[in-house]
Amino acid sequence: MSFPTPPLQPPPPQPTSPHPRNHPHKVSLNRPTHPRHATTHPPPSQNSSFLSLSSSRSDFSADFSGRRSTRFVSKMHFNRPRVSGTSRHSSFAEQALTEASKNGAVLDQVLLTFESKLLGSDDYTFLFRELGNKGEWLAAMRCFEFAVRRERRRNEQGKLASSMISILGRSGKVELAEKVFETAVNEGYGNTVYAYSALIGAYAKSGYCNEAIRVFETMKDSGLKPNLVTYNALIDACGKGGADFKRASEIFDEMLRNGVQPDRITFNSLLAVCSGAGLWETARGLFNEMVYRGIDQDIYTYNTFLDVACNGGQVDVAFDIMSEMHAKNILPNQVTYSTVIRGCAKAGRLDKALSLFNEMKCAGITLDRVSYNTLLAIYASLGKFDEALSVSREMESMGIKKDVVTYNALLDGFGKQGRYAKVKQLFAEMKAENLSPNLLTYSTLISVYLKGGLYQDAVEVYKEFKRQGLKADVVFYSKLIDALCKKGLVEYSSLLLNEMTKEGIQPNVVTYNSIINAFGESTSNDCGSDNVTQIVSIVPESKVVCTAEDNIIKIFEQLTAQKTANGKKTNGEKQDLLCILGVFHKMHELQIKPNVVTFSAILNACSRCSSFDEASLLLEELRLFDNQVYGVAHGLLMGQQEGVWTQALSLFNEVKQMDSSTASAFYNALTDMLWHFGQKQGAQLVVLEGKRREVWENTWSTSCLDLHLMSSGAACAMVHAWLLSIRSIVYGGHELPKILSILTGWGKHSKITGDGALKRAIEGLLTSIGAPFQIAKCNIGRFISTGAVVAAWLRESGTLEVLVLHNDRSHLGATRFGQISNLQPLPL
DNA sequence: CTAGGGTTAG
């Protein structure tokens, strides 16, 4: 057995209509936002009163449910004190708080002293809320219990319990909140809408959407009628817990059916659901719906709306929204700015991000902790360490101490540049400042060390991580798996995959995409059969009896011992491609929905494969999973004319909704694959479509062609198209600019970093077509020529012929042979 | 009951 045979029976999904909804031409390219664990969901509701929103250009296809990663929980701000309107407590309550806060104070005594003066539940609520806000849970709980015990009236006890639950919930103490709730119910004062709503809110804050819904059902079963606050809390839980929009809209529908009118907060929370799910179009629909219903927008609405726009890569729209805010006199605050700035940075518009910081300062908005960390992270990720460190100094001079986020950004930045000494120094400094490294700190460090081959350091950090009692999550493991894949150590990554599964942590689409990427890199990697078998045949139950010794430590120590484990050479590319099919099946089995990144990774693997048959076979097989997406890739590869292009355009529309780097990766991968297999005209069609949709910024002017963000295949196709357009300028009787240049950059964006593949490909292309360009003396990433020389060349008789591209293959079946012809063609 | 910041795939 040399490689795992992929299962032959077709998987359940029907190629004809993967969409339950009404989009016959809709392509099911799953967008890469917020990967989640797979869970199953009920079918879409038929009687959605949200029809106007969900059936207009909806982006439901993007949303294949499940829980999202822990990052959303860690993102939440606990301990944010509540801004209360009118205070109902007496001055005695404040005195009691002062007394209780004194050093050495015994709370029980303070409570007894003030018992006669405190005026019932409002005073006690004030007291334990303040204690809770200070993080003194035990004191808050004792105070609450004291208050409940001395209170006779049931409804007052109920008030106390609801307040306590919501205070605990806001601080992330969800278990304590549960306990208070249970006790309250058992003792007969917890069976109120308020207590239930508070508990739902507590679950919401911690991202436990399913639990919130479960409690909601229990509440209805016990005969209580949910009110506006209940529904709002529940929708909030959907947003925080990563539920899909469908789920939230079902709650919304139910709310309407029960005659509860949604308010501003309802809509703000619905918008937040869109933000998590990456549903820009839906968010726009909601925003319009608010206007239609006469519900005023506030700063929350706008900030959330901006967040959705930025997450969807719609930075220009974000600017429009900001001007709308000004017009409506809803003034942007720190949240507004840090949201949009981050959006700019994500979209690669750094100049704009930095100018927004200036704008912010000019507007008199002082940078806060988040703003500073955003700025610092931008610099750190660019490797601009002087600037990053200067931001951290400015931050401290403003009285904001560096926190874990600051350090994590610095560690990541320095680590990515291989500045290990600096990494170690920062890590020590962080601990010296009494900041506890968190899960992210550890995964960053371990990944940095693995990538650098510093396995011993990786082990040390991992051991420390274990000593801290932190629990690894899917992101933690995925990061390490990716690091190992990047080192070409697929077999070690598969051990980690096994290990995480045994620990009960399900891999997600990101985990698998890392692995698929590693398969593509076949020449430098060991993609031997054994590890692949492991990857596709993970069994949930533990095979190894796990002793006190941690398996990950064993794996890392093995690495340390072997040092360079890039051993045996693979049996060839054919095997790699079929391995991908196996991985794909495995993903399907685990209900992990592949997305556009999976698609790009697979196409990249095809581009590295010399066999057309293998590539087309793989794509054809994958049509069984997703005929629309892989049908386009396969159809273009086969040179099919009719039908495919229409479908391709609809695929491109889908991609256009995604952020620029996702979109360009997609176009790069698809064009590369087509170019690689001689479908050059097809490649050019795709690349021009990408250009038309501005996937690569500023690619094209008469005097300069900037290819630095493109893959080799895309760039080659683009060069042809550009030269042809220049040719028509010449033949139109116009002058060319004095200097023409073609930028390839330094290979920074190449799939294999720093190898200059793009530059070499363009150099080869220019030579082969006889284009008179030379490498510029002052810039090795630029080819130049003069307008006159190029014009003369373009006028030569043979030039047009070399510039016009053709497909090696056209029409279905023309070049089909071998096993492929034995396969049934699938309906398109 | 509502808003922004560090992490994984390309």
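On a predicted model such as this, the values are computed, not experimentally measured, just so you know. Naming: A, B, ... by sequence-line order, numbering from 1 per chain.
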| request: Answer with base, sugar-phosphate or nothing: what part of the nucleic acid does A:Ser600 contact at a heavy-atom distance below 4.0 Å? | output: nothing

| message | Within the 4.0 Å heavy-atom criterion, would you say A:Ser371 contacts the bases, only the backbone, or no part of the nucleic acid? | response | base

Shortest side-chain distance from [X], nucleotide among [options]:
| X | options | value |
| --- | --- | --- |
| A:Ile299 | B:dA3, B:dA9, B:dG4 | B:dA3 |
| A:Val405 | B:dG6, B:dA9, B:dC1 | B:dG6 |
| A:Thr339 | B:dA3, B:dA9, B:dG4 | B:dG4 |

Between [X] and [N], is there a contact of a side-chain N or O with OP1 or OP2 at under 4.0 Å?
| X | N | value |
| --- | --- | --- |
| A:Asn268 | B:dA3 | no |
| A:Arg170 | B:dC1 | yes |
| A:Lys593 | B:dA9 | no |
| A:Lys240 | B:dC1 | no |

| task | Test the A:Lys352-A:Phe319 pair against the cation-pi criterion, namely NZ or CZ under 6.0 angstrom from the six-membered ring centroid and within 45° of the ring axis. | result | yes

| message | Under a plain distance cut-off of 3.5 Å, with no hydrogens placed, do A:Lys346 and A:Ser661 share a side-chain donor-acceptor pair? | response | no

| said: Filter on salt bridge (Lys or Arg N to Asp or Glu O under 4.0 Å), then keep only pairs touching residues 224-236 of chain A, sequence neighbours left out; what's left? | reply: A:Asp236-A:Lys240

| said: As a test of the definition: with a 90° window around 0 for syn, would you call B:dG4 syn or anti? | reply: anti

| Between B:dG4 (C1') and A:Asp307 (CG): distance, integer Å | 7 Å

| said: Tell me the interatomic distance from A:Gln334, atom CD, to B:dA3, atom P, rounded to whole angstroms. | reply: 16 Å

Which side-chain N or O atoms in residues 374-385 of chain A pair as donor and acceptor under 3.5 Å with protein atoms at least two apart or in another chain?
| unit_1 | atom_1 | unit_2 | atom_2 | d |
| --- | --- | --- | --- | --- |
| A:Thr374 | OG1 | A:Val370 | O | 2.7 |
| A:Ser381 | OG | A:Ala377 | O | 3.2 |
| A:Ser381 | OG | A:Ile378 | O | 2.9 |

